[in-house]
Trainee: 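Dumping the structure here so I can ask a few things about it.
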Amino acid sequence: MEEMPDPVKTSEDAQRYNPAEIEPRWQARWDADPALYAAEDPTSGKPKYYCLEMLPYPSGQLHIGHVRNYAIGDALARFMWMRGANVLHPMGWDAFGLPAENAALKNNVPPREWTLSNIAAMKKQFRRLGMSFDWSREITTCLPDYYRWNQWFFLKMFRAGLAYRKKSKVNWCPVCCTVLANEQVVNGRCWRHEDTLVEQRDLTQWFFRITRYADELLAGLDTLDGWPEKVRTMQRNWIGRSEGAEVTFPVHNCPDSMSVTVFTTRVDTIFGATSLQLAPEHPLIQHWTSFDMELAPAVEQMIAQQTAARESGDLGAIEKHGIPTGRSATNPFTGEQIPIWVANYILADYGTGAIMSVPAHDERDFDFATKYNLPIRRVVAPNLDTDDLALPYLAEEEGVLIDSGEWTGEPCLEAQGKMAAFAEAQGFGKATVTYRLKDWGVSRQRYWGTPIPMVYCDCSPDEPIPVEESSLPILLPEQIHITQEGGSPLGRVPEFVNTTCPRCDGPAKRETDTMDTFVDSSWYFYRYTDAHNDQAPFNSDRANYWFPIDQYIGGVEHAILHLIYSRFWTRVMRDLTGPDGQPLIRNSEPAARLFTQGMVIKDGAKMSKSRGNVVSPDLMIDRYGADATRMYALFAAPPDRDLDWQEDGVAGISRFLARIYRLATKYAALSQAEDRQAIPEDRSTQSSESVRLLRALHQTIGKITQDFSGRWHFNTSISSIMILVNEIVASEPAMDAGRISPPVIVETLQSLTQMIAPFAPFLAAELWQELNGNGVVFRHPWPSASEFWAHEDEVEIPIQVNGKLVTVLRIADGADEPALKAAALADEKVAARIAGKSLVKTIVVPGKLVNLVVK
RNA sequence: GCCCGGAUGGUGAAAUCGGCAGACACAGCGGACUUAAAAUCCGCAGACCAGAAACGGUCGUGGGGGUUCAAGUCCCCCUCCGGGCACCA
């Protein structure tokens, strides 16, 4: 910061805050002391607290959003240590992924080398920021000691039927040259390339059966009180549970006794069904088009149009249209024959890919029937006597069935249950539940990921063979030539592909796809509890001690990626047994509390290289120091809100820290003379200035302690510290004149140092030493707020007349209603305001206000 | 279309349970110190009206209505912004 050479330190200079000198000095001391932030054993007897921020991708540089994320978690971790908890605060690297391969293509650096050097650079930044991570538990997901457990889990899941292979339509990103999970497709585009449309390809891929846990994942959301409602809502929408019924309609006059099964949430309206609508990709349609030379081109054209619309992103704008197939099916409830259509708005992969169309009671069916002149038949009404009703009539809660055979007169909701049961009894349907959630596609046609531990052998032509657990890890070959053509890069490494079959010992070929990187992050936080275990992913006792995570902190962008996958994985592990036959873990949810911090923006816009508004953390630290940078990130806005980065604000925080530094060093000598001693709670022993200072101090302690336990509005925590510092500055004359005793000054400055410790750890460590504090400030017990000293003798009571403020009176605390009323009426301004009017009502809220209502 | 957030001075924001709107900062303006500047310290500061000034008045938390002695806060309607989901049967 200060470039000027200044070999001779004057006493003036000694009091100048110089983070460029302080911070590296403490950083070196902390780096040399790995025990400082190490979690203790369960035997410590302290309450455990697992504080975790989402691990970063090692891109090579922390950005300012990271600084904010980790400043929040670091403040919390330090606070919990000071409150006496056994804190686990680990860090690691989400180190597999495409950028490493892209860098390899571009700069000809091996992905491993690129990734590891990025990690080293970012670790340096973390240390420079003074983050309190327990580096002894560091994990790096691209190293075999980590990813071998991905493979281990994969084998367990394969055996449990949770990992399986199927051919299906999958999302393909032409830039990444790989398949993407549904969760990685945003508005039809790749989550990594917002300009790149995702294509649909038919491929055989590995899936994890997340749908088996769909109901549990949904129900579990209700138990997550400590999660933001927003995230819970997003997950509910993503899972998209829909209760309804399936009904099978036999195709009329069909030699092969074919049928169409539809999914509907309104089986009660089935008497109003006037057609069936099938997705163009529906197997039955595909069957007919194989020989129906009239239908085939029309359906083909429909699919082509759909594909085009999907790729241009305006699927919603495309007009709904259909093609009659010329075939019909029998409604099993009525025996009636209704026509079968192909319609472009029916999704092949939702429900059964076929619906029954009830124009009278569904908006879209109504539009469709109107367009094609299909009959519209009313079967629901508010009551049996309604004969004039605007259609479509959508109500189901207050509706009853009409013209529906034996169900006529039944309320809709009851009819739904009864009719589904009837269908099941008759063998042509059943009540069922459909989800929007699909199984998680985990195969990636890329190199830099965990190899999938399966082999293909002629001895088992239909079923891939899992490798032996003892042969793990299946190592990712290094020094390979990476290209983006011709499928998975591993397929071009014969030493990798060619292996022996674990079943027949004959020659076999390995799976050459790798796992989605979200696999790595689905369980990484368990590994921290036992990071060096080479016998198991982790020891169950250790995981059970630390889990669930007490506080998880990260960006909301993972609401339906990482945060749903890891909830799934937690349940899978709970249902797997470890080597001792016990469940691997006991908890069903990974994190008791989740906090999603807001984005850091600049000049009202998201930071991006193309906008040229990226703020570099290193530059901020160079100019103002790590403490000021971190503290500003917490001060500028409440942590859940977006934060607009203003460099002037960082400078302001730096000035504030400099003021603290000046005060603490100025009076440091006082603390050298005597040990800190408890201030007896007795006002008679203290000057009025001391009482005033102690009051400000204890009010601040109370405020910050409360902020940490509840709202996390660190912006107001820091502003209350500023108020305290302003009060200390105002007390300086009294301190210098000896009217405030040294023990009070020392108490105040040491407590102040403790209170800034979660936010500005370097300065806190420096001042704790200057002030002769005991031990390490981050482990020193958090100061407790004294009610006695915080108490105000007089409170300001606003006096209103007809709800308008007239004056503010200082009145003794605890004054009762009559006293407050009398004081208000005795005031000159009040008297002037109510002169000539009659007092009709007096509202007195003791300790709050007086409102005189006059006419 | 549906579901979540949000809107307060020039700026970031505060007001935690219906009780003084704008704490604390940033930027700004004025002053002290200084040969000067930086740094530091002190002071002013929602808008409008009136006034030499002190003092005073009116309006004011996206807009409209309501409840209440009292509304940024509660209720109803609307606008705009951000985010999520979306031919989901």
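Just the heavy atoms: all of them, side chains too, but no hydrogens, waters or symmetry mates, feed the values below. Proteins get letters first, then strands, A, B, ... in listed order; numbering begins at 1 in each.
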Trainee: Students often get this wrong, so: under 4.0 angstrom with heavy atoms, is A:Pro638 touching a base, only sugar-phosphate, or nothing?
Mentor: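 Sugar-phosphate, backbone atoms only, no base.
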Trainee: Does A:Arg236 reach a base, just sugar-phosphate, or nothing at all? Heavy atoms under 4.0 Å.
Mentor: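 No contact.
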Trainee: Tell me every residue that passes side chain to side chain contact (heavy atoms under 4.5 Å, CB included) with A:Ala279, counting only those two or more places apart in sequence or in another chain.
Mentor: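 Here the qualifying residues are A:Glu281, A:Ile346, A:Ala348.
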Trainee: Would you mind calling B:C17 syn or anti? Take O4'-C1'-N9-C4 for purines or O4'-C1'-N1-C2 for pyrimidines, and syn is within 90° of 0.
Mentor: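 Classified syn.
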Trainee: Does A:Phe366 have any ring-ring contact (aromatic ring centres under 6.0 Å, His included) partners at least two apart in sequence or in another chain, and if so, which?
Mentor: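 So A:Phe366 forms no ring-ring contact (aromatic ring centres under 6.0 Å, His included) with any residue.
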Trainee: B:A27 P sits how many Å from A:Gln646 CD, rounded?
Mentor: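 Computing the A:Gln646:CD to B:A27:P distance gives 10 Å.
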Trainee: Between A:Arg232 and B:C4, is there a side-chain N or O to OP1/OP2 distance below 4.0 Å?
Mentor: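 No, because none of the side-chain N or O atoms of A:Arg232 sits under 4.0 Å from OP1 or OP2 of B:C4.
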Trainee: For residues 841-855 of chain A, dump all side-chain donor-acceptor pairs below 3.5 Å to protein atoms at least two apart in sequence or in another chain.
Mentor:
| from | atom 1 | to | atom 2 | distance (Å) |
| --- | --- | --- | --- | --- |
| A:Asn851 | OD1 | A:Gly803 | N | 3.0 |

Trainee: Does one side chain, of A:Asp215 or A:Tyr435, offer a donor that lies under 3.5 Å from an acceptor on the other?
Mentor: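 Their side chains do contain a donor-acceptor pair, which is all the 3.5 Å distance test asks for.
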Trainee: Parallel, tilted or perpendicular: which describes the rings of A:Phe263 and A:Tyr350, with under 30° parallel and over 60° perpendicular?
Mentor: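 Rings of A:Phe263 and A:Tyr350: perpendicular, as their planes differ by over 60°.
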Trainee: Is there a side-chain polar atom (N or O) of A:Tyr345 under 4.0 Å from OP1 or OP2 of B:A89?
Mentor: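 Indeed not, no polar side-chain atom of A:Tyr345 lies that close.
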Trainee: Kindly say if A:Arg655 contacts the phosphate of B:A27, meaning a side-chain N or O under 4.0 Å from OP1 or OP2.
Mentor: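 A:Arg655 to B:A27 OP1/OP2: side-chain N or O found under 4.0 Å.
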Trainee: Looking at A:Asn237, does any N or O in its side chain come under 4.0 Å of the phosphate oxygens OP1/OP2 on B:C88?
Mentor: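 Indeed not, no polar side-chain atom of A:Asn237 lies that close.
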Trainee: Using the C1' atoms only, state how far B:U73 lies from B:A7, rounded to an integer number of Å.
Mentor: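 My reading of the C1' atoms in B:A7 and B:U73 gives 14 Å.
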Trainee: Would you measure the distance from the C1' atom in B:G46 across to the matching atom in B:C88 and give it in whole Å?
Mentor: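 The answer is 50 Å between these two C1' atoms.
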Trainee: Kindly say if A:Lys841 contacts the phosphate of B:C69, meaning a side-chain N or O under 4.0 Å from OP1 or OP2.
Mentor: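 It does, given that an N or O in the side chain of A:Lys841 lies less than 4.0 Å from OP1 or OP2 of B:C69.
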Trainee: Using the purine O4'-C1'-N9-C4 or pyrimidine O4'-C1'-N1-C2 torsion, is B:G9 syn (within 90° of 0) or anti?
Mentor: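 Nucleotide B:G9 adopts syn.
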Trainee: Using a strict heavy-atom distance below 4.0 Å, which residues from residues 354-364 of chain A are in contact with RNA chain B?
Mentor: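 Those residues are A:Ile355, A:Arg364.
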Trainee: Write down the distance separating the P atoms in B:C48 and B:G60, rounded off to the nearest Å.
Mentor: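 Comparing P positions in B:C48 and B:G60 gives a spacing of 15 Å.
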Trainee: Does A:Leu643 reach a base, just sugar-phosphate, or nothing at all? Heavy atoms under 4.0 Å.
Mentor: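 The residue A:Leu643 makes no contact with any strand.
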Trainee: Between A:Phe368 and A:Tyr372, what is the ring plane arrangement, given parallel below 30°, perpendicular above 60°, and tilted in between?
Mentor: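 Aromatic pair A:Phe368/A:Tyr372 classed tilted.
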Trainee: Roughly how many Å is it from CG in A:Leu394 to P in B:C2, rounded to a whole number?
Mentor: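 Going from CG in A:Leu394 over to P in B:C2 covers 12 Å.
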Trainee: Checking side-chain polar atoms at under 3.5 Å, does A:Glu647 have a donor or acceptor matched by the opposite partner on A:Tyr624?
Mentor: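 Yes, because at least one side-chain N or O of A:Glu647 sits under 3.5 Å from a partner of the opposite role on A:Tyr624.
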Trainee: In this structure, which one of A:Val267, A:Thr261, A:Val262 forms a side-chain contact (heavy atoms from CB on, under 4.5 Å) with A:Glu246?
Mentor: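 Of the listed options, the one satisfying the test is A:Thr261.
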Trainee: Could you list all N or O pairs between the protein and nucleotides 55-58 of chain B that sit under 3.5 Å apart?
Mentor:
| from | atom 1 | to | atom 2 | distance (Å) |
| --- | --- | --- | --- | --- |
| B:G57 | OP1 | A:Arg833 | NH2 | 3.2 |

Trainee: Pick the C1' atom in B:U68 and in B:C76, then give their distance to the nearest Å.
Mentor: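 Each nucleotide's C1' atom is 16 Å from the other's.
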Trainee: Which whole number of Å gives the distance between the P atom of B:A15 and that of B:A25?
Mentor: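 Pairwise P distance, B:A15 against B:A25, rounds to 16 Å.
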Trainee: Starting from C1' on B:G12, measure out to NZ on A:Lys602 and report it in whole angstrom.
Mentor: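 Answer to the nearest Å: 13 Å.
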Trainee: Quick one: A:Asp349 CG to B:A89 P, roughly how many Å, whole number?
Mentor: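 Checked: the CG to P distance equals 14 Å.
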Trainee: Ignoring hydrogens and angles, state whether a donor on the side chain of A:Gln416 or A:Glu243 is under 3.5 Å from an acceptor on the partner side chain.
Mentor: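 The criterion, which ignores hydrogens and geometry beyond distance, is not satisfied for A:Glu243 and A:Gln416.
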Trainee: What pairs with A:Trp645 under ring-ring contact (aromatic ring centres under 6.0 Å, His included), at least two apart in sequence or on another chain?
Mentor: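 With sequence neighbours excluded, A:Trp645 shows a ring-ring contact (aromatic ring centres under 6.0 Å, His included) to A:Tyr632, given in chain and number order.
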Trainee: Which part of the nucleic acid, if any, lies within contact of A:Gly652, taking any heavy atom under 4.0 Å across all strands shown: a base, the sugar-phosphate backbone alone, or nothing?
Mentor: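 Counting heavy atoms under 4.0 Å across all strands, the contact made by A:Gly652 is with sugar-phosphate only.
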Trainee: To the nearest Å, give me how far apart CD (A:Glu557) and P (B:C85) are.
Mentor: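 In whole Å, B:C85 P lies 13 Å from A:Glu557 CD.
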Trainee: Checking all strands, does A:Glu229 fall into the base, sugar-phosphate, or nothing category for heavy-atom contacts under 4.0 angstrom?
Mentor: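 It contacts nothing in the nucleic acid.
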Trainee: List the residues meeting ring-ring contact (aromatic ring centres under 6.0 Å, His included) with A:Phe333, not counting sequence neighbours, and say none if there are none.
Mentor: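 A:Phe333: ring-ring contact (aromatic ring centres under 6.0 Å, His included) contacts with A:Trp407, A:Phe422, A:Phe428.
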Trainee: Quick check: on RNA chain B, is the nucleotide nearest A:Thr352 upstream (toward 5') of the one nearest A:Thr233, or the reverse? Name the residue that is more 5'.
Mentor: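 Checking each residue's closest nucleotide, the 5'-ward one belongs to A:Thr233.
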Trainee: Does any N or O donor sit under 3.5 Å from an N or O acceptor when you compare the side chain of A:Lys320 with the base of B:C87?
Mentor: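 Indeed, a donor on one side and an acceptor on the other fall under 3.5 Å apart.
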Trainee: Can you list the residues that meet the ring-ring contact (aromatic ring centres under 6.0 Å, His included) rule with A:Tyr565, with sequence neighbours excluded?
Mentor: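 In terms of ring-ring contact (aromatic ring centres under 6.0 Å, His included), with neighbours along the sequence ignored, A:Tyr565 is linked to A:Trp440, A:Phe518.
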Trainee: Find which nucleotide of RNA chain B each of A:Ser720 and A:Arg641 is nearest to by heavy atoms, and output the residue with the more 5' nucleotide.
Mentor: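 The 5'-side residue here is A:Arg641.
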Trainee: Using atom names, set out every protein N or O paired with an N or O of nucleotides 19-23 of chain B below 3.5 Å, distance rounded to 0.1 Å.
Mentor:
| from | atom 1 | to | atom 2 | distance (Å) |
| --- | --- | --- | --- | --- |
| B:C20 | N4 | A:Glu796 | OE1 | 3.3 |

Trainee: Side chains of A:Gln200 and A:Asn171: is there a donor and an acceptor less than 3.5 Å apart?
Mentor: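 On atom types as modelled, these side chains qualify, holding a pair under 3.5 Å.
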Trainee: Check side chain to side chain contact (heavy atoms under 4.5 Å, CB included) between A:Pro283 and all other residues, then give those that pass, not counting sequence neighbours.
Mentor: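 With sequence neighbours excluded, A:Pro283 shows a side chain to side chain contact (heavy atoms under 4.5 Å, CB included) to no residue whatsoever.
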Trainee: Judged by atom type as modelled, is there a donor-acceptor pair below 3.5 Å linking the side chain of A:Asp813 to the main-chain atoms of A:Val795?
Mentor: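 Not confirmed, A:Asp813 side chain does not pair with A:Val795 backbone.
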Trainee: Under a 4.0 Å heavy-atom cut-off, which of residues 695-706 of chain A touch RNA chain B?
Mentor: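 Contacting residues: A:Lys703, A:Gln706.
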Trainee: What integer number of Å spans the C1' atoms of B:A32 and B:A52?
Mentor: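 Nearest-Å result for B:A32 against B:A52 at atom C1': 26 Å.
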Trainee: Output yes when a side-chain donor or acceptor of A:Lys230 lies under 3.5 Å from a complementary backbone atom of A:Thr596, and no otherwise.
Mentor: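 Not a single qualifying donor-acceptor pair exists.
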Trainee: In what stems does RNA chain B take part, counting only runs of at least 3 consecutive Watson-Crick or G-U pairs whose two distances fall under 3.5 Å?
Mentor: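 In RNA chain B, stems of three or more pairs: B:1-7 with B:79-85, B:10-12 with B:24-26, B:28-32 with B:40-44, B:46-49 with B:56-59, B:62-66 with B:74-78.
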Trainee: Run the side chain to side chain contact (heavy atoms under 4.5 Å, CB included) test on A:Lys320 and A:Gln277 for me, step by step, so that the C-alpha distance in whole Å, both residues' side-chain angles and the decisive distance to 0.1 Å come before the verdict.
Mentor: CA-CA 12 Å; A:Lys320 294 173 187 30; A:Gln277 309 288 346; over 6 Å; no
Trainee: What integer distance in Å separates A:Asn726:CG from B:C42:C1'?
Mentor: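 It works out to 13 Å between those atoms.
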Trainee: Looking at A:Phe656, A:Phe79, A:Phe708, which hits ring pair (Phe, Tyr, Trp, His ring centres under 6.0 Å) with A:Phe759?
Mentor: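 Result: among A:Phe656, A:Phe79, A:Phe708, A:Phe708 is the only option passing the ring pair (Phe, Tyr, Trp, His ring centres under 6.0 Å) with A:Phe759.
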Trainee: Rounded to the nearest Å, what distance is computed from the NZ atom of residue A:Lys821 to the P atom of nucleotide B:C69?
Mentor: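 Rounded to the whole Å, the gap is 17 Å.
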Trainee: Counting any heavy atom closer than 4.0 Å, what does A:Asp365 reach on the DNA or RNA strands: base, sugar-phosphate only, or nothing?
Mentor: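 The residue A:Asp365 makes no contact with any strand.
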Trainee: Check this one for me: any side-chain N or O of A:Ser242 less than 4.0 Å away from OP1 or OP2 of B:A89?
Mentor: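 True: A:Ser242 side-chain N/O within range (under 4.0 Å) of B:A89 OP1/OP2.
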Trainee: Just checking, any donor-acceptor pair under 3.5 angstrom between side chains of A:His713 and A:Asp707?
Mentor: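 No.
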